[in-house]
A.B. asks: 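One structure follows; several queries about it will come next.
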Amino acid sequence: MRGSLDGADIERFRSLAARQFGLHFDDSKHDFLTDVLRQRMEATGCDRFSLYHERITSPAHGPEEMKAVAEQLTVCETYFFRYWDHFRAFTETVIPDRIRARDYCRQLRILSAGCASGEEAYSLAILIRDGLSELASWNITIHGIDVNEKMLARALRGRYTTWSLRDTPADLRTKYFRADGRDFVLDGTVKSAVTFEERNLIEEDHLLWQRDAFDIVFCRNVTMYFTPEASRSVINRIAESLTPGGYLFLGHAETLRGISQEFHLRHTHDTFYYQRREGRELGGTVVLPGVSIGEESAESPISSMVEASNSWFSTIQRASERIVNLTEQKGTRPGMSGAGNIATLAPSSRLSRATSVWDRTAAIELMREERFSEATELLRGLPPESKADPDAQLLLAALLTNSGDLPEAEKLCQCLLDLDELNSGAHYLMALCREHAGDRDATLEHDRAAVYLDSAFAMPHLHIGLVAKRSADLETAKREFGSAFTLLAREDASRILLFGGGFTRETLIEFCRAELRACGGTS
């Protein structure tokens, strides 16, 4: 029996997946959703979606059917010690910090959220047992939760294939696993150190998400599949349940940019992770230079002008002469003429509501015309309440950077990062300022943070390439120039205007191409 389905049925099923599990499926997943829905309809004997929808939402059959749907919709691919850099940070930085903070109670509570078949939670248990003898007398709980009941059953069995152990060091494999036919059975002492439970992350679940319930949370490669609303809700619950100073690990492709301001961004062991702000930092107000806080500022209109709200106009400080030479060879002037339609930066409804207080479109227009000093003065002359708005201050910092007033730009950037550590534009501008001050380590730290927070941000890649080239690290330079070259080709025109340092897309691409070739690469 094959039930008939139309586009409206698939859309309702997609909405149900978002509502029940927080999962986001774009149009490229249409066929996948159709297959899953058809399989479940056939398995339940429903020849029409209306009958299936009635079944899945009924008190009698709905809960069990939801479990079956979760098994097919959730991604479960994982393995032991996935992302070794996270585990190095866990053992060498996070655990020592938590030992100092929790020595008074000698208790450590770890959550593996979206644990799938248990490899992540068991990896943590192995590391604690194998190399952290100082925790031997501590009360340690490692709890894994997942919505997929089938995967949890596998975790409880503790039986794994060679594929699951593909990144497990040989000594740990020998010490903690026993071969049994084609499989490997986990050591019983490690199994007993971890508990598992079926939980749906997007549900309120006050019993799970109690205040200060956990010291460390791993929630890797989970929120990347969620709707933005579900991501914000889950991260908010994690923040509430983490003790102040506790740690959160996300997947390499996930960030908290635009999701939460409750965490500090940390970068060690060549990886990024997060630390919950201390109690005294939460809910505080950061005052920017020269700002007196009065009434709450209006909504952030600049964010509505640009597709990536944390990406802003900036320059390539050390490359300016080279870009000018390239444009002169082509017979073009390095200007905004190819930057795109300024209509894409026009005020939206959000901006219209704020124009009674201040209007930044004039500053954007002055930037388009390369009248940077006038744009700077216009922003400096805005009402005092505008100076409390991070968007306006970051735009001003970008203009100050472009005009060469890096000390003042750095002050603004530092205040912005005190307020929002996940602001990729502020990190990039800070990298330029730190380079001017001769601080190479801080330059690369801020550039890498910008890249991590905004994977489509071309300019920090270009800047890293320039720094690497000057250090004769041609492999890194080649890789970063190549990334910048690719990203610039598909940048939105408004981002070129705000980030391009006064140069057109074509000029920046030509510069990347020339630098890439100079490092031995091809474009």
Side-chain angles (χ1 to χ4, degrees), residues 21 63 67 70-71 74-82 86-87 90-91 94-95 98-99 102 105-133 135-160 164-165 168 172 175-178 183-222 234 237-243 246-250 276:
F21 308 114
K67 290 181 181 181
E71 288 180 6
T74 52
V75 178
C76 302
E77 200 281 331
T78 187
Y79 50 90
F80 281 88
F81 300 104
R82 187 180 189 183
H86 278 175
F87 291 110
F90 171 78
T91 56
V94 172
I95 289 296
R98 291 297 84 196
I99 287 175
R102 304 285 290 174
C105 64
R106 304 179 74 79
Q107 182 183 43
L108 189 66
R109 303 149 305 172
I110 303 172
L111 177 68
S112 174
C115 65
S117 46
E119 287 93 329
E120 176 182 85
Y122 285 139
S123 295
L124 296 168
I126 289 172
L127 289 174
I128 289 174
R129 181 175 180 80
D130 192 72
L132 296 168
S133 58
L135 293 175
S137 62
W138 282 49
N139 177 18
I140 300 173
T141 60
I142 303 174
H143 192 53
I145 61 172
D146 202 280
V147 72
N148 191 320
E149 191 175 46
K150 183 177 180 180
M151 288 296 104
L152 289 172
R154 286 182 57 188
L156 288 169
R157 285 196 298 270
R159 191 180 186 92
Y160 297 95
S164 292
L165 274 68
T168 303
L172 295 181
K175 190 172 182 179
Y176 293 104
F177 294 89
R178 173 177 55 84
D183 295 337
F184 289 85
V185 179
L186 183 65
D187 182 85
T189 59
V190 175
K191 281 185 60 179
S192 64
V194 183
T195 58
F196 294 98
E197 190 176 16
E198 181 187 343
R199 297 277 187 172
N200 188 337
L201 282 176
I202 72 163
E203 293 179 352
E204 288 289 341
D205 203 341
H206 298 294
L207 185 61
L208 175 67
W209 303 116
Q210 296 183 47
R211 184 175 295 276
D212 297 341
F214 304 107
D215 300 292
I216 304 167
V217 173
F218 278 71
C219 187
R220 304 187 301 172
N221 301 319
V222 176
V234 169
R237 292 189 187 107
I238 290 175
E240 287 294 318
S241 68
L242 265 174
T243 187
Y247 290 85
L248 169 63
F249 287 85
L250 300 179
R276 177 82 157 101

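By convention here, the first residue in the shown sequence is residue 1. If you're wondering where the values come from, they're calculated on a predicted model, not measured in any experiment.
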A.B. asks: Passes side-chain contact (heavy atoms from CB on, under 4.5 Å), Glu197 versus His143? Steps please.
C.D. replies: CA-CA 8 Å; Glu197 190 176 16; His143 192 53; 2.9 Å; yes

A.B. asks: Drop me the distance from Trp209's CH2 to Leu201's CG, to the nearest 0.5 angstrom.
C.D. replies: 5.5 Å

A.B. asks: Without swapping roles, check the side chain of Asp215 against the backbone of Arg109 for a donor-acceptor pair under 3.5 Å.
C.D. replies: yes

A.B. asks: For Arg98 and Thr243, work out which heavy atoms get closest and say how close.
C.D. replies: NH1-CG2, 3.8 Å

A.B. asks: Which is it for Ile95 and Ile216 under the side-chain contact (heavy atoms from CB on, under 4.5 Å) test, yes or no, and what are the steps along the way?
C.D. replies: CA-CA 9 Å; Ile95 289 296; Ile216 304 167; 4.1 Å; yes

A.B. asks: Where do Arg157 and Arg154 come nearest, in terms of heavy atoms and distance?
C.D. replies: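 Between these two residues, the closest heavy atoms are NH2-CG, 3.0 Å.
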
A.B. asks: If you round to the nearest 0.5 Å, how far is CZ of Phe177 from CG of Asp187?
C.D. replies: 9.0 Å

A.B. asks: Nearest heavy-atom pair of Ala155 and Ala116: which atoms, and what distance?
C.D. replies: CB-O, 4.3 Å

A.B. asks: Under the side-chain contact (heavy atoms from CB on, under 4.5 Å) criterion, do Ile126 and Leu186 qualify, and how do the steps go?
C.D. replies: CA-CA 10 Å; Ile126 289 172; Leu186 183 65; 4.3 Å; yes

A.B. asks: Do any N or O atoms from the side chain of Arg276 and from the backbone of Ala239 form a donor-acceptor pair under 3.5 angstrom?
C.D. replies: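 At least one qualifying donor-acceptor pair exists.
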
A.B. asks: Is a side-chain donor or acceptor of Asp146 paired with a backbone partner of Cys115 at a separation under 3.5 angstrom?
C.D. replies: yes

A.B. asks: To the nearest 0.5 angstrom, please state how far the CG atom of Leu124 sits from the OG atom of Ser112.
C.D. replies: 6.5 Å

A.B. asks: Once rounded to the nearest 0.5 Å, what's the spacing between atom CD1 of Ile128 and atom CD1 of Ile110?
C.D. replies: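 One finds 4.0 Å between CD1 of Ile128 and CD1 of Ile110.
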
A.B. asks: May I have the step-by-step check of side-chain contact (heavy atoms from CB on, under 4.5 Å) for Thr74 and Phe21, ending in yes or no?
C.D. replies: CA-CA 9 Å; Thr74 52; Phe21 308 114; 5.9 Å; no

A.B. asks: Measuring from atom CG of Leu108 to atom OG1 of Thr141, what distance do you get when rounded to the nearest 0.5 angstrom?
C.D. replies: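 Reported value, rounded in 0.5 Å steps: 7.5 Å.
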
A.B. asks: Please walk me through it: do Glu149 and Lys67 pass salt bridge (charged side-chain N to carboxylate O under 4.0 Å, His left out)?
C.D. replies: CA-CA 7 Å; Glu149 191 175 46; Lys67 290 181 181 181; 3.6 Å; yes

A.B. asks: State whether the side chain of Ser123 and the backbone N or O of Phe81 hold a donor-acceptor pair below 3.5 Å, judged by distance alone.
C.D. replies: yes

A.B. asks: Evaluate the side-chain proximity of Asn200 to Asp205: yes if any heavy-atom separation is below 4.5 Å, no if none is.
C.D. replies: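 SC-SC contact between Asp205 and Asn200 ruled out.
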
A.B. asks: State, yes or no, whether a side-chain contact exists between Arg199 and Leu207 at a heavy-atom distance under 4.5 Å.
C.D. replies: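 Contact flag for Arg199/Leu207 side chains = yes.
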
A.B. asks: Take the angle between the ring planes of Tyr122 and Phe80 and call it parallel below 30°, perpendicular above 60°, tilted in between.
C.D. replies: parallel

A.B. asks: Ignoring hydrogens, what is the shortest heavy-atom contact between Leu172 and Thr168? Give both atom names and the distance.
C.D. replies: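 Smallest heavy-atom distance, with atoms named: CB-CG2, 4.1 Å.
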
A.B. asks: So, for Trp138 and Gln107, which heavy atoms are closest and what is the spacing to 0.1 Å?
C.D. replies: CE3-N, 3.3 Å

A.B. asks: Which pair of non-hydrogen atoms, one from Val194 and one from Ala121, has the smallest distance, and what is that distance?
C.D. replies: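 It is CG1-CB, 3.7 Å.
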
A.B. asks: Describe, in one word, how the ring planes of Phe249 and Phe90 are oriented to each other, choosing from parallel (under 30°), tilted (30 to 60°) and perpendicular (over 60°).
C.D. replies: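 It falls in the perpendicular class, over 60°.
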
A.B. asks: Quick one: salt bridge (Lys or Arg N to Asp or Glu O under 4.0 Å) partners of Arg220, sequence neighbours excluded?
C.D. replies: Glu120

A.B. asks: Calculate, to the nearest 0.5 Å, the distance between atoms OG and CZ belonging to Ser164 and Phe184 respectively.
C.D. replies: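 Reported to 0.5 Å precision, the distance equals 10.5 Å.
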
